[in-house]
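Report on one structure; see the data block that follows.
The residues of the chain are indexed from 1 along the displayed sequence. One-based numbering, in listed order, for ligands and for the atoms of each. For clarity, every value in this text was computed on a predicted model and none was experimentally measured.
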Amino acid sequence: MNPLSGKRIVLGLTGGIACYKSAELLRRLMDLGATVDVVMTASASEFITPLTFQALSGRPVFTDLWDSRPDNNMAHINLTRSADLIVVAPATANFMTKLAHGSADDLLSTLCLARAIPLMIAPAMNKEMWQARPTQRNANQLRDDGVILVGPASGIQACGETGDGRMVEPNDLLAAIVSHFEPKIMAGLNVLITAGPTCEPIDPVRVLTNRSSGKTGYAIAQAAAQAGARVTLVSGPTSLPCPVDVTRIDVQTALQMHECVMSMVAGYDIFIAVAAVADWRIDNPSSEKLKKNDGLSPPDLSFVLNPDILAGVAAMPNAPWCVGFAAETTLNPDEVERKRQRKGVPLLIGNLAQEVMDVDHTTVELYSASGRQVLERGSKQWVARQIVAEIAKRFTQQ
Ligand code: C5P
């Protein structure tokens, strides 16, 4: 099930160089199941052609207030009547001024004024324009009027200057749109999540690690944030971007992850241990690079057990509601249930190791005192949303 299935979105573009980002946004919205009608101002059409958006969306693109295609010649009304959300990206300083003052002199501004649905805008402009007092006044006015502002982001701008004003990346805007529609089943909850592998040093250049990508943990963090939770992600080394509206703390080793979690877990309502924590670390890693020793015997490494973070948290007085994972090459329900009881957690999620590593689709099974439940197979994002829904339900029923 896609998060935007059945949703209709009007994507408005105004005249900024960031228009190219909206072509990617359109594709991503469609990938998630949305039906998108694109409306462009005359200036937007100077930056990128309506044909591009028509080809990408497979639907007519609207640029003209006097377009006779929609019923009754009422494009300014009809386009939003069956829609769920208008997203204006990029939104220029000039368009923000028009919105803030209720001006309606072209199709997009008229649609926004005549709408009965929420409006989200992604401002995009030069940093001085963004900081200018009129723009800031308009931004505040729009927030007061209930318009959802996403960004702007900071960084190098098309003009060569650096500062606030860039349009947020398509991925971040997509997350804000999904979040807008997601039921807030975790509103008010503080959720702590571990994710990714850990890296245990052998010497300054060599580590012992595993093949966890961190994707499942990151997808759960994103889904929990979109469900309204305040989420902190303690992550081992991954190449993934931090999920939107999530606070990430980076660690390398199991001991660092353990120390980090233990120092902050009080005050969290839910703890979800997704990290593939190394079971062992090297006893006394060398401070100098180990020599190959000219082909003589390999180094004699000895291991010590790492602390079990999940079991440690679950055993705390006033422990948060704990969820663990068990990735096994064969899933034996009795063994997984025994592991759940050994760890002392109300919910343990079993998955096949070969189904989580290096793949984007997965299947998981939930183990709890009430038995075993298999969730619908799908992308890690879809499975993460199902997991978050189950956790929210079980947490409130406890
Ligand atoms: O015992 P096993 O490693 O199979 O348990 C997996 C679960 O325990 C996962 O939720 C994992 O994040 C957590 N774990 C942990 N600390 C460890 C080992 C595993 O939190 N040292």
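In the model, Ser109 has a side-chain atom that pairs as donor or acceptor with a side-chain atom of Asp106 under 3.5 Å. Between Glu390 and Gln373, the side chains place a donor N or O and an acceptor N or O closer than 3.5 Å (distance only, hydrogens not considered).
Within the structure, the closest approach of Lys339 to ligand 1 falls below 4.0 Å when heavy atoms are considered.
Taking distance alone, with nitrogen or oxygen atoms compared against 3.5 Å, Gly324 stays at or beyond that limit from ligand 1. Between Val323 and ligand 1, no N or O atom pair is found at a separation short of 3.5 Å. For Ala273, a nitrogen or oxygen atom sits less than 3.5 Å from a nitrogen or oxygen atom of ligand 1, counting backbone and side chain alike. Residue Phe325 places at least one N or O, backbone or side chain, under 3.5 Å from an N or O of ligand 1.
Counting the atoms of ligand 1 from 1 in the order shown, those under 4.0 Å from a heavy atom of Ala275 are 11 (C), 12 (O).
When only non-hydrogen protein atoms are considered, atom 8 (O) of ligand 1 lies nearest to Lys343 NZ, 3.1 Å. Protein heavy atom at the shortest distance from atom 18 (C) of ligand 1 is Val277 CB, 3.8 Å. The nearest heavy-atom contact from the protein to atom 3 (O) of ligand 1 is Asp279 OD1, 3.8 Å. For atom 16 (N) of ligand 1, the closest non-hydrogen atom of the protein is Ile309 N, 3.0 Å. Closest to atom 13 (C) of ligand 1 among all protein heavy atoms lies Leu310 CB, 3.9 Å.
Heavy-atom neighbours of Lys184 NZ from other residues, nucleotides or ligands within 6.0 Å: above the threshold of 12. The environment of Glu259 atom CD is sparse: at most 12 non-hydrogen atoms of other residues, nucleotides or ligands sit within 6.0 angstrom. Heavy-atom neighbours of Asn2 CG from other residues, nucleotides or ligands within 6.0 Å: above the threshold of 12.
Glu169 has a carboxylate O that lies under 4.0 Å from a charged side-chain N of Arg166, or vice versa, which qualifies the two as a salt bridge. Of the charged side-chain nitrogens involved, none lies within less than 4.0 Å of a carboxylate oxygen, so that Arg372 and Glu337 do not count as a salt-bridged pair.
What you find for Gln386 and Leu375 is that their closest heavy atoms are OE1-CB, 3.6 Å.
By the criterion of a heavy-atom distance under 4.0 Å, the backbone of Pro307, and not its side chain, is placed next to ligand 1. Neither the backbone nor the side chain of His258 comes within 4.0 Å of ligand 1, counting heavy atoms alone.
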Quiz item: Does the pair Glu335 and Lys339 meet the rule for a salt bridge (Lys or Arg N to Asp or Glu O under 4.0 Å), with working shown?
Solution: CA-CA 6 Å; Glu335 266 175 33; Lys339 179 178 286 194; over 6 Å; no
